[in-house]
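Accompanying notes for the structure given below.
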Amino acid sequence: MKVLIVGSGGREHALIYKIAQSQQVEKIYAAPGNGGISDLAECIDIKADDVNGLLQFAKDKKIDFTIVGPEAALAAGIADEFTKNGLLIFGVNKSSAQLESSKVFSKELMQKYSIPTADFKVFNDSFKAKEYLKQNSFPCVVKADGLAAGKGVVIVKDYTQACEVVDKIMEEKVFGDSGRMILIEDCLQGDEASIIALTDSKDIVVLDSSQDHKRVFDNDEGPNTGGMGAYSPVPLVDKSLLKEIEDQIIKPTMQALVKEGIDYKGVLYAGIMVTKDGPKVLEFNVRFGDPETQAIIPRIKSDFLELLLSVAKSNLGEFLENNPLIWDERFCVCVVCASGGYPGYYEKDKTIKGLEKIASLEDTIVFHAGTKKIIDKTIQKEQYVTCGGRVLAVSSFGKTIKLAIENTYKALNNISFENMHYRKDIAKKALSLK
Ligand code: AMP
Ligand code: GLY
């Protein structure tokens, strides 16, 4: 089978790493891929959201199955176009992608179907939003409706800061059209977890839990990033809590989408806050998490390609009856190494050293994100250099979370590039969350 993976991050490297293990795979293409991906797949120079370019490529190369990583391609309708042209694809269609691309759509759906989430109000007028804020309590959360590369959510501490954020989003339009509407939400307290499920609109499989680390510095300080590390499973989310999340959030959301006439086939990712009143939804995403995938995928023992195929072919239930998902019971911790300056303006073209040392380590995998492979002419050798903010992630296993943490940092110590930075406290919370 010829498989095309759309995307270029660590998440896509993890998907390709796993899919390459399937007996069914004959050739993998990645669009556009990255340095590490190019070791496993042929990288092609087509952007992830260039739907027409990808469609043409898939037709020309007679691709049997396409798997989509990032949300932008899904929101641009890649699944609709491929399906219309008779091509098999894993990824939700455009109307399903609204669950991520419009926070107003997602919150109104949750309200209509009583899915637990923070109370909220929607505004399309900055004056009215500010009037409402006068009698609101703080902290509260201001969110732009549309996609904003993870930067459209601000927890505000007082009225003045809230008004500044409202003006930035609605008047200065820093996120363009994504800020035409905003949400003002109650601020939830608790611990966060990412719960990622796959569904074909009839059946659901909930993957093991994971937890992201969004802030750039240790102890959750500094600005938000795409994610600086993750681990799986999360001790806080024990079997009974996972079942509660499945029964009260994942299944009702899938059923709500079906009732709304949406044919939802793909990833249903719930960002959850575990509050003292139970789990509540912070947000939904319609794709695998990054870097959560880099901590979850190494733990999956089953043929992941077959699982994704069963979702795309709408026979997930039947598939799972004969092929229950098998997990490596160990913990996996993933730490992201980032470029100097990230999440702000960052440096590029730094040589990455030590990758060969880490390649021989058992139970450690390096997933590339912002890397590219070049030929160093002076030594006539291939080398990887940095070309993105999040450069790569190191994932290691451990029988206990403590061992997984130790193994990951020990492996990571082999790697270096100029001004590399990473968090030193990934998964530390799990040690006290038992
Ligand atoms: P979102 O993109 O909606 O997931 O928001 C990004 C991050 O903002 C979440 O992972 C939370 O850390 C935080 N956040 C979002 N909504 C809330 C809320 N209602 N209460 C507290 N924190 C929130
Ligand atoms: N790690 C958070 C996300 O993928 O949205």
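Counting convention: from 1, in listed order, for ligands and their atoms alike. Nothing fancy with the numbering, it's 1 onward along the sequence.
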Contacts of Tyr17 that satisfy ring pair (Phe, Tyr, Trp, His ring centres under 6.0 Å) - sequence neighbours left out: Phe367
Residue pair Glu306 / Asn323, side-chain donor-acceptor N/O under 3.5 Å: no
Val237 and its side-chain contact (heavy atoms from CB on, under 4.5 Å) partner, picked from Ile272, Asp191, Asp208, Leu242: Leu242
Phe138 and Tyr159 aromatic ring geometry - parallel, tilted or perpendicular at 30°/60° bounds: perpendicular
NZ or CZ of Lys107 within 45° of Phe105 ring axis and under 6.0 Å: no
Ligand 1: protein residues within heavy-atom distance under 4.0 Å: Lys103, Ala118, Val141, Lys143, Val153, Ile155, Glu185, Asp186, Cys187, Leu188, Glu192, Lys214, Met273, Leu282, Glu283
Smallest separation among heavy atoms of Leu54 and Lys47, with atom names: CD1-O, 3.8 Å
Protein residues having a heavy atom less than 4.0 Å from any atom of ligand 2: Asp212, Gly226, Tyr269, Asn285, Arg287, Gly289, Asp290, Pro291, Glu292
Ring-face cation of Arg330 near Phe397 (centre distance under 6.0 Å, axis angle within 45°): yes
N/O donor-acceptor pairs under 3.5 Å from side chains in residues 120-129, not counting sequence neighbours:
from: Asp125; atom 1: OD1; to: Phe127; atom 2: N; distance (Å): 2.8
from: Asp125; atom 1: OD1; to: Lys128; atom 2: N; distance (Å): 3.0
from: Ser126; atom 1: OG; to: Glu171; atom 2: OE2; distance (Å): 2.6

For the student: nearest non-hydrogen atoms of Glu81 and Val51, plus distance: CG-CG1, 3.7 Å
